[in-house]
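These figures come from a predicted structure and were not determined experimentally. Quick note: residue numbers are just sequence positions, from 1. Indexing begins at 1, ligand by ligand and atom by atom, following the structure's order.
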Amino acid sequence: MTSLPVKHGDAGAVAGIDLGSTTIKVVIYDGSRYIARIISASFDPAATASALLAAASAEYGLPAPPVTIVTTGYGRRTMKDAALTPTEIACHARGASFLLPGCRFVIDIGGQDAKGIRLSLEGNVEDFVMNDKCAAGTGRFLSATGLALGVPVDQLAGHARGVEPYRINAMCTVFAESEVISLVNQGVERGAIIAGLHASIARRTASMVASLHPRPPIAFTGGVSQNCDIAQKLGEELRQPVIVPRDAIYAGALGAALMAWDHHHMSESEVRKSP
Ligand code: ADP
């Protein structure tokens, strides 16, 4: 990688920050390497993001946090110093194309929404669908029902893999929680209930994206992509392989960091042109 002019104070590195509904993700990138860090969201997303950025910058070996920052996600407008505030759709598309080169479709399931994004051959967004009106089929649905079953969200897949799913009828998070409790009381095995919840998320997501005619390679991103049983069931519903790239939970923040990199160097070349 060729060396590029350094903007004072940031040693050439830039940052992308995804201020999500559930977690805040920071990626620091210098054109050849990146680090990614995550923390739970708080009531003061800007302060939490700044603290995570400072910690990540120190870990990266920077004397100070990068000057060029691009923010995305639910709280993207809360940070005053952001150079750009692109949508999560744009950032997830960019990040997924980086993590899975040639990717033609992205399915992102986060804490509070689910999205399907169709990409052109060049990686541009052609079309998208989004459910951000209801927690059904999102990470919140999983966390709430997991809590009702006494299983932490990162252990759900382990309980469900290879178990015949019990059909869960309720899609609303509140009703699903009570259905789950009543099934436990009827003696239905916990693994079968969890597999049923995963199957309902996979069915719902597949039907949400059906109108966009997903095509491979399909990248699965966002926190819920860390659940390998949902990834497998989603692939079965779509009848196509679903790939969870490394760092899939950071796709939005990484896309923001790549945009920050472009912005940073565009600014540098503009500066060089001026007298
Ligand atoms: P947002 O960007 O909206 O804050 P994330 O993409 O960080 O959301 O996703 C958060 C959701 O991901 C949580 O609600 C949780 O259900 C799910 N999740 C996070 N980590 C894991 C994991 N290790 N295994 C399974 N699910 C996870």
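- Using the six-membered ring where Trp is involved, Tyr29 and Tyr34 have ring planes that are tilted, between 30° and 60° apart.
- Taking any N or O of Gly223, backbone or side chain, at least one lies under 3.5 Å from an N or O belonging to ligand 1.
- Those atoms of ligand 1 that come under 4.0 Å of a heavy atom in Gly222, given as number and element, are 6 (O).
- Between the choices Gly139, Gly20, Ala144, Ala251, the shortest heavy-atom distance to atom 14 (O) of ligand 1 belongs to Gly139.
- Between the side chain of Gln240 and the backbone N or O of Ile218, no donor-acceptor pair lies under 3.5 Å.
- The distance from the OG1 atom of Thr87 to the CZ atom of Arg76 is 6.0 Å, given to the nearest 0.5 Å.
- Using a 4.0 angstrom heavy-atom cutoff, Ser143 counts as in contact with ligand 1.
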What donor-acceptor contacts under 3.5 angstrom involve side-chain atoms of residues 220-229, with partners at least two apart or in another chain?
unit_1, atom_1, unit_2, atom_2, d
Thr221, OG1, His92, ND1, 3.3
Thr221, OG1, Asp108, OD1, 3.1
Ser225, OG, Gly222, O, 2.6
Asn227, OD1, Asp229, N, 3.1
Asn227, OD1, Ile230, N, 3.0
Asn227, ND2, His198, NE2, 3.0
Asp229, OD1, Lys233, NZ, 3.0
Asp229, OD2, His198, ND1, 2.8
Asp229, OD2, Lys233, NZ, 2.8

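- Distance from atom 2 (O) of ligand 1 to its nearest protein heavy atom, with residue and atom name: Lys25 NZ, 2.8 Å.
- Judged by distance alone, with hydrogens and angles left aside, the side-chain atoms of Arg118 form no donor-acceptor pair with the main-chain N or O of Phe105 at under 3.5 Å.
- No donor-acceptor pair under 3.5 Å is formed between the side chain of Thr138 and the backbone N or O of Gln112.
- Here is the list of ligand 1 atoms found below 4.0 Å of a heavy atom in Thr23: 4 (O), 5 (P), 7 (O).
- In this structure, atom 23 (N) of ligand 1 lies nearest to the protein heavy atom Asp154 CB, 3.5 Å.
- The backbone N or O of Leu119 sits less than 3.5 Å from a side-chain atom of Arg215, completing a donor-acceptor pair.
- Distance CG/Leu19 to CD/Glu88: 10.0 Å, rounded to 0.5 Å.
- Side chain of Arg190 to main chain of Leu149: a donor-acceptor pair is present (N/O by atom type, distance under 3.5 Å, no hydrogens or angles).
- Residue Asn227 has no nitrogen or oxygen atom sitting less than 3.5 Å from a nitrogen or oxygen atom of ligand 1, judged on distance alone.
- A heavy-atom separation below 4.0 Å is not found between Glu88 and ligand 1.
- The N/O atoms of Gly111, backbone and side chain alike, include one that comes under 3.5 Å of an N/O atom in ligand 1.
- The distance from ligand 1 to the heavy atoms of Val153 drops below 4.0 Å at these ligand atoms: 15 (C), 16 (O), 24 (N), 25 (C), 27 (C).
- Between Thr22 and ligand 1, an N or O atom pair is found at a separation short of 3.5 Å.
- Annotation: atom 22 (C) of ligand 1 to nearest protein heavy atom, Gln226 CB, 3.5 Å.
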